[in-house]
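I have placed the structure first, in the form of structure tokens, so that the comments after it can refer back to it.
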Number of protein chains: 2
Amino acid sequence: MSEVARRATLRDVAETAGVSRSTASRALSGRGYVAEPVRKKVLRTAEKLGYVPDVMARNLKQQVSRSIGILVTDLRNQFYADLAAGASQQARLSGYTTMLVDDGLSSAADDAAIAEAFVALRVGGVILTPTSAAVPEYLARHRVPIVEVDRQFTPDGSDGVVVDNAAGARAATEHLLELGHRRIALFIDETDWTTGRGRYDGYVAALGAAGVAVDPDLVVATGWDVEGSRARAVQMLGGRSRPTAVFAANNVLAEGAWRAIAELGLSVPGDISLVAFDDAPWMSMVTPGVTAVAQDSVEMGAAAVRRLLARLEDPVGAPQTTILDATLRTRGSTGPL
Amino acid sequence: MSEVARRATLRDVAETAGVSRSTASRALSGRGYVAEPVRKKVLRTAEKLGYVPDVMARNLKQQVSRSIGILVTDLRNQFYADLAAGASQQARLSGYTTMLVDDGLSSAADDAAIAEAFVALRVGGVILTPTSAAVPEYLARHRVPIVEVDRQFTPDGSDGVVVDNAAGARAATEHLLELGHRRIALFIDETDWTTGRGRYDGYVAALGAAGVAVDPDLVVATGWDVEGSRARAVQMLGGRSRPTAVFAANNVLAEGAWRAIAELGLSVPGDISLVAFDDAPWMSMVTPGVTAVAQDSVEMGAAAVRRLLARLEDPVGAPQTTILDATLRTRGSTGPL
DNA sequence: TTTGCCTGTGGCATCGATCCCACATGGATC
DNA sequence: GATCCATGTGGGATCGATGCCACAGGCAAA
């Protein structure tokens, strides 16, 4: 056993201090009776040996783990990175460790593996941002509490934290309407789930309230990435009957639209107004600044962790969805018709 | 024991399948002899019960963990978010799970707790981006292999992955010199550690090679955040003897400089040229685009994981530092004097 | 003196998975 | 027919930490 400095275990501490493992455990954890001098001695030896308890072994014995999983859609997107930062920090403040996984360039098979890894690690619960539907299903089947952030697959069945998509989208659209715009294009990735659906509804509601009919040709599914959005935007804005304003439903699509506008040599807001959902850093750097519906993504992450911890406290309560405010930040990219 | 659907264990699988735990273990892991029909039966039972092995228990028994820790400076900085994404993905591809922690708004005490958590979780090794010096010290003391990314506290003592800071800074400075600039300011956070030191050296080397003396007044310590950089930049660029070009040593300081320039109403590159180290997304969105030294941060993260895994294979080999290329991307923010 | 309680400590089983070892069976070889 | 080996299976110890229970003293009340 002459291993080169094996890591110290509780047994090592106990033997060095000349007490039993039970006593050492009590001294270190502070549970149960320990005579003061003995306690001091154990603490000193533990310190001397550089003893750090093995949380794996502890969790195994106690059958609980103070760790949560976080699965984010894509860390390279500032929105999700901020969300992860907020969740990570809140978890740490609450004494939980986090298993943060970036779904990034993963395949469907990867998603399954990630979900299984969370179960295998026996995390207390998982924070989920939009990925494949298989993940929440798998976790639900294995009775792992989840909190869906940004988008909810099962609004009634699970906890969630979302921004008020409809109100935000409505505010953005109304802002354009007030400036006199009537031909307002909506760039959106999907309209089937809560996020896209809410933003679409807000857009429609604003138009309806202003007595403007929804033109299906102006609602364009751009795909999920910058390139898809850019290509569609070039096509639409390069045509003869182009809209006077564009509402991009998220920061990625807004970037595509912005690049297309620059490419076509159009002036903002002279030729076209642009408003985005989700205020990315670049929107306040460019000239003119991009009017955007800001959502506090750091706070969303933190709120999700708080919701999850509340769920762990009360496993049987009814699912709750926390709805955060979205606020319109007016900048130079929107102007009168 | 009539618990409401307790999670299935290996014992449950074994009993249901009518075999011993040993046999069930062999069937599932594929190690040792198992008759084919028995193997099939065990696999079917495991599937039916939704059995997922407890990696904690497995690691405890095997005394190895296929997980690594990743500590990033600040996820809200795109550079570190990308780095984390790259590391996370590479780790997953290699079959490792990651404990990703965002240092974000942490105090020194938090740092100590984070380092201890890594040890407590018995991670195989840790990827470190710049934080407090206490972290690498603590981990080294506990014999946890580390790879320092972006900045190395102990270049000779530990593995590292860095970009070629000197060459990148030199290229940026030479670019400005070639355009005729002579009064080139350097905005930098620190010059004591590898990152800042390398960039400073590159700047000095380029000036020296061109026969231009280094003016200490033009090398400004701006602090670590956007606001500090902006304030210093306003002060310096608002004065009468302002430089004709600014080299910002990272994306944060570049943002401060950019905001200051906009605030002062200066034109780029007419009044002043700007070049940045680290190509952030906004730099290609603004007009004119910002000339920048690009480092592949996703690849840095991936390279760090590969280095760490190699270290786990060979614990005693000499420390290695991987140096990645930095390439200058010329955009509109730099122009002739 | 006996009973009872409180304090302090150690023995030992336990969590879930693994794996060494013993043992059992069957067929092939001498 | 005895020996041997290959194959297949189960018993039980083990990893590190915890916590129940038993037990040893000491002290106070009856």
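Values in this document were obtained by computation on a predicted structure and should not be read as measured data. Order of the sequence lines fixes the chain letters, A, B, ..., with proteins taken first and strands second; residue numbering starts at 1 for each chain.
Straight-line distance from the CG atom of A/Leu28 to the C1' atom of D/dT18: 12 Å, rounded to whole Å. Regarding B/Arg58, its CZ atom lies at a distance of 18 Å from the P atom of D/dG16, rounded to whole Å. A straight line from CZ of A/Arg26 to P of D/dT18 spans 12 Å, rounded to a whole angstrom. Atom CG of A/Asp54 and atom P of D/dT18 are 10 Å apart (whole Å).
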Under 3.5 Å, which protein N or O atoms sit close to an N or O of nucleotides 22-24 of chain D? Give each pair with its distance.
none

Show the distances under 3.5 angstrom between N or O atoms of the protein and N or O atoms of nucleotides 12-15 of chain D.
residue, atom, partner, partner atom, Å
D/dG12, O6, B/Ser22, OG, 3.2
D/dA13, N6, B/Arg21, NH2, 3.1
D/dT14, O2, B/Lys61, NZ, 3.0
D/dC15, O3', B/Gln63, NE2, 2.5
D/dC15, O2, B/Lys61, N, 3.4

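Taking only side-chain nitrogens and oxygens, B/Tyr33 never comes nearer than 4.0 Å to OP1 or OP2 of D/dG8. For the pair A/Tyr51 and D/dG16, the criterion of a side-chain N or O lying under 4.0 Å from OP1 or OP2 is not met.
Within the nucleic acid shown, A/Arg31 comes within 4.0 Å of sugar-phosphate atoms alone, with no base atom in reach, counting heavy atoms only. At a threshold of 4.0 angstrom between heavy atoms, the contacts of B/Val55 with the nucleic acid are absent.
A donor-acceptor pair under 3.5 Å is formed between the side chain of B/Thr9 and the backbone N or O of B/Arg11.
Ring orientation note: the planes of A/Trp193 and A/Trp224 are tilted relative to one another, at an angle of 30° to 60°.
Taking A/Thr129 as the reference, A/Thr73 meet the side-chain hydrogen bond (donor to acceptor under 3.5 Å, both in side chains) condition, with sequence neighbours excluded.
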Without placing hydrogens or testing angles, list every side-chain donor-acceptor pair under 3.5 Å for residues 300-324 of chain A, not counting sequence neighbours.
residue, atom, partner, partner atom, Å
A/Arg306, NH1, A/Gln90, OE1, 3.1
A/Arg306, NH2, A/Glu299, OE2, 2.6
A/Arg307, NH1, A/Asp159, OD1, 2.7
A/Arg311, NE, A/Asp159, OD2, 2.6
A/Arg311, NH1, A/Asp314, O, 3.0
A/Arg311, NH1, A/Gly317, O, 3.0
A/Arg311, NH2, A/Asp159, OD1, 3.0
A/Arg311, NH2, A/Asp159, OD2, 3.2
A/Arg311, NH2, A/Ala318, O, 3.1
A/Asp314, OD1, A/Val316, N, 3.4
A/Asp314, OD1, A/Gly317, N, 3.2
A/Asp314, OD2, A/Gly317, N, 3.4
A/Thr321, OG1, A/Gln152, OE1, 3.2
A/Thr321, OG1, A/Gln152, NE2, 3.3

Return a table of donor-acceptor pairs under 3.5 angstrom between the side chains of residues 44-52 of chain B and protein atoms on other chains or two or more places apart.
residue, atom, partner, partner atom, Å
B/Thr45, OG1, B/Lys41, O, 2.5

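Residues B/Arg122 and B/Ser20 each lie close to DNA chain D; by heavy-atom proximity, the contact nearer the 5' end of the strand is made by B/Ser20.
No hydrogens or angles considered: a donor-acceptor pair under 3.5 Å links the side chains of B/Asp150 and B/Tyr80. A donor-acceptor contact under 3.5 angstrom links the side chains of A/Thr23 and A/Ser20, judged on distance only. Between the side chains of A/Asp111 and A/Tyr138, no donor-acceptor pair of N or O atoms lies under 3.5 Å.
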Apply the test side-chain hydrogen bond (donor to acceptor under 3.5 Å, both in side chains) to residues B/Gln63 and B/Asn59: give CA-CA distance (whole Å), side-chain angles for both, the deciding distance (0.1 Å), then the verdict. CA-CA 5 Å; B/Gln63 295 292 320; B/Asn59 291 344; over 6 Å; no
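Between the CG atom in A/Asp225 and the CG atom in A/Asn77 there is a gap of 12.0 Å [rounded to 0.5 Å].
The span of DNA chain C lying next to chain A, judged by atoms under 4.0 Å from heavy atoms, is bounded 5' to 3' by C/dT7 to C/dG16.
Relative to the ring axis of A/Tyr96, A/Arg92 does not place its NZ or CZ within 45° and under 6.0 Å from the centre.
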